[in-house]
Protein chains: 2
Amino acid sequence: MKACAHKHPHQRQEMSALTDRLRGHSRKITGPRAAILEILRQHPHPLTNKEILAALPKGQCDLATIYRSMHLLEKTGMVKRFHFGDGASRFELVGEGDDGHHHHLVCTKCAEVVEIDDCFPTEVEQRIAAANGFKAVTHRLEFFGICPECQQTLRLK
Amino acid sequence: MKACAHKHPHQRQEMSALTDRLRGHSRKITGPRAAILEILRQHPHPLTNKEILAALPKGQCDLATIYRSMHLLEKTGMVKRFHFGDGASRFELVGEGDDGHHHHLVCTKCAEVVEIDDCFPTEVEQRIAAANGFKAVTHRLEFFGICPECQQTLRLK
DNA sequence: GTTTCAGTTGCAAATCGTTTGCAATTGACT
DNA sequence: AGTCAATTGCAAACGATTTGCAACTGAAAC
């Protein structure tokens, strides 16, 4: 059940594939964009825009540009936006042809993130949609708890 | 399955019960707090702080006070905070003894909110927690789609 | 009922994530 | 190489939320 055999959003993608995808949307491959994509490639985890900025060679790119790039990448389906309940959006690269839908388990102490392969049961979601007359229903789902290390740390205090 | 028989967070609570709960936490029952609780009582829906402010007789209470009150009420378990993915927190009164855990179905066009009684399967959540060594695992889950009215509206365009 | 004081409040300023206007810059095509 | 729309950096603007501080007010004690 804890499968990992299916297409995983975290398989590292070729840089050329990424730029091709952008070109496919008739967008320029600029220095900042290439740099951002490279960071996303290297960090198979949801990243905030600030984290992306920090990971970038300093002065490489303005924070505003990162925000604009993430909007673009989101619109073209190349990244997916996640919310962990603190104010900030986090982004992950999405595999080509994938919709990037998945969930996370987040440590509420240290913010460690584990990717989760389980999902909310489709049949139940469809029943919920139907019962309320809603169409095009999806969901956001994130798990929160205390990771093994933080359990340790807490015990010591 | 689509049960509605269990304790529902939306059963309107007595004002006196609410103030008693606050007193139980050795907090003062002030004008602003009583007014906020009254609004929450009257609106069995997740409300943003701004919506609470708007619902309040004008000048009744400062926005900062609402923020502070919601923190207090959250800490004492009297309200539960929800995130719908736009920047703002939303709050709902929680029944006494209840933990307020539940989910919503939100229209992405008009923001209509329907309360949902289904929940993520406990066994699966426990398995996820165990598989990753996490303790005290919960989840946030919200559904998004297009409500019947907005489907209508979209069709007309 | 008055006193008393910690708990509360309003107001303004500060913070944080995010967006936007604008002039300068630059990919990509001719 | 030349052209032009797309893109960027910078600074200002924004919306949600937090906070410092002096004034104020419940509620317990007198």
Side-chain angles (χ1 to χ4, degrees), chain A residues 15-16 18-39 46-76 78-91 111, chain B residues 15-16 18-39 46-76 78-91 111:
Chain A
M15 194 56 185
S16 60
L18 292 173
T19 52
D20 284 352
R21 279 215 264 168
L22 250 193
R23 284 210 190 77
H25 289 273
S26 46
R27 297 318 196 115
K28 293 182 185 171
I29 312 302
T30 64
R33 282 181 188 165
I36 291 170
L37 286 173
E38 185 56 36
I39 296 302
L47 292 178
T48 63
N49 284 345
K50 263 206 178 141
E51 288 169 339
I52 293 174
L53 178 66
L56 242 26
K58 55 164 46 190
Q60 178 86 54
C61 167
D62 191 83
L63 185 54
T65 298
I66 299 181
Y67 276 98
R68 285 190 273 235
S69 295
M70 300 322 286
H71 278 300
L72 170 63
L73 295 174
E74 186 181 26
K75 241 191 329 188
T76 63
M78 293 179 63
V79 303
K80 176 132 182 117
R81 181 190 300 257
F82 293 95
H83 300 291
F84 288 175
D86 60 347
S89 291
R90 279 150 223 270
F91 301 89
Chain B
M15 193 57 185
S16 60
L18 292 173
T19 52
D20 283 352
R21 277 215 265 167
L22 251 193
R23 283 209 191 77
H25 289 272
S26 45
R27 298 317 195 115
K28 292 182 187 172
I29 312 304
T30 64
R33 283 182 187 165
I36 291 170
L37 286 173
E38 185 56 37
I39 296 301
L47 292 178
T48 64
N49 284 345
K50 261 202 179 147
E51 288 169 340
I52 294 174
L53 179 66
L56 242 25
K58 55 164 48 190
Q60 179 85 55
C61 168
D62 190 83
L63 186 54
T65 298
I66 299 182
Y67 276 97
R68 285 190 272 234
S69 295
M70 298 325 286
H71 278 300
L72 170 64
L73 294 175
E74 187 182 26
K75 240 190 332 187
T76 62
M78 293 179 64
V79 303
K80 176 131 182 118
R81 181 189 301 257
F82 293 94
H83 301 291
F84 289 175
D86 61 347
S89 292
R90 278 149 223 272
F91 301 90

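These numbers come from the heavy atoms of this one structure, side chains and all, not from hydrogens, waters or symmetry mates.
- For B:L47 and D:dT17, the CG to P distance is 13 Å, given to the nearest whole Å.
- Computed from coordinates, the B:M70 CE to C:dT8 C1' distance equals 16 Å when rounded to whole Å.
- If you take CG of A:N49 and C1' of C:dC16, they are 13 Å apart, rounded to a whole angstrom.
- Rounding to the nearest 0.5 Å gives a distance of 13.0 Å between CD1 of B:I52 and NZ of B:K50.
- Across the protein-nucleic acid pair, B:L73 atom CG and C:dG7 atom C1' stand 15 Å apart, rounded to whole Å.
- Here the closest non-hydrogen pair linking B:S16 and B:T19 is O-OG1, 2.9 Å.
- For B:Y67, there are no ring pair (Phe, Tyr, Trp, His ring centres under 6.0 Å) partners at least two apart in sequence or on another chain.
- Residues A:H25 and A:K75 have side chains not in contact (no heavy-atom distance under 4.5 Å, counting atoms from C-beta outward).
- The rotation axes computed at either terminus of the helix from C:dG1-D:dC30 to C:dA13-D:dT18 lie 30° apart, taking five pairs at each end and rounding to 10 degrees.
- Across every non-hydrogen atom of A:Q60 and A:A35, the tightest pair is CG-CB, 4.0 Å.
- Here the OG-CG distance, from B:S69 to B:L63, works out to 10.5 Å after rounding to the nearest 0.5 Å.
- With rounding to whole Å, B:H25 atom NE2 is found 18 Å from D:dA27 atom C1'.
- By the 4.5 Å heavy-atom criterion applied to side chains, A:L37 and A:I29 are not counted as neighbours.
- Residues satisfying the salt bridge (charged side-chain N to carboxylate O under 4.0 Å, His left out) test with B:R23, not counting sequence neighbours, are B:D20.
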Contacts under 3.5 Å, N or O only, protein and nucleotides 13-16 of chain D:
from: D:dA16; atom 1: OP2; to: B:K50; atom 2: NZ; distance (Å): 2.3

Inset, instruction - Please step through side chain to side chain contact (heavy atoms under 4.5 Å, CB included) for the pair B:T48 and B:R90, ending with a clear verdict. - result: CA-CA 4 Å; B:T48 64; B:R90 278 149 223 272; 3.6 Å; yes
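- Atom pair B:L63:CG and C:dA14:P shows a separation of 18 Å (rounding to whole Å applied).
- Side chains of A:H71 and A:R81 form a contact here, defined as non-hydrogen atoms less than 4.5 Å apart.
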Inset, instruction - Sugar-phosphate means primed atoms, P, OP1 and OP2; the rest is base. With that split, encode nucleotides 22-30 of chain C 5' to 3' as B, S or - using protein heavy atoms under 4.0 Å. - result: ----BBS--
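- In this structure, A:F91 atom CZ and C:dG17 atom C1' are separated by 11 Å, rounded to whole Å.
- Rounded to an integer number of Å, the gap from CG of A:L72 to C1' of C:dT18 is 17 Å.
- Listed by residue number, there are no residues of residues 53-62 of chain A with a heavy-atom contact under 4.0 Å to DNA chain C.
- Two residues are said to be in side-chain contact when any heavy atoms from C-beta on lie closer than 4.5 Å; A:I39 and A:I36 fail this criterion.
- Taking CG of A:D62 as the start and CZ of A:R68 as the end, the distance is 7.5 Å to the nearest 0.5 Å.
- Residue-to-nucleotide proximity on DNA chain D shows that, of A:I66 and B:H71, the 5′-proximal contact is made by A:I66.
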Inset, instruction - Given side chain to side chain contact (heavy atoms under 4.5 Å, CB included), test A:I66 with A:L56 step by step and report yes or no. - result: CA-CA 10 Å; A:I66 299 181; A:L56 242 26; 4.0 Å; yes
Inset, instruction - For side chain to side chain contact (heavy atoms under 4.5 Å, CB included), just list the numbers for B:L18 and B:M78, CA-CA rounded to whole Å, side-chain angles, deciding distance to a tenth of an Å, and then say yes or no. - result: CA-CA 8 Å; B:L18 292 173; B:M78 293 179 64; 4.0 Å; yes
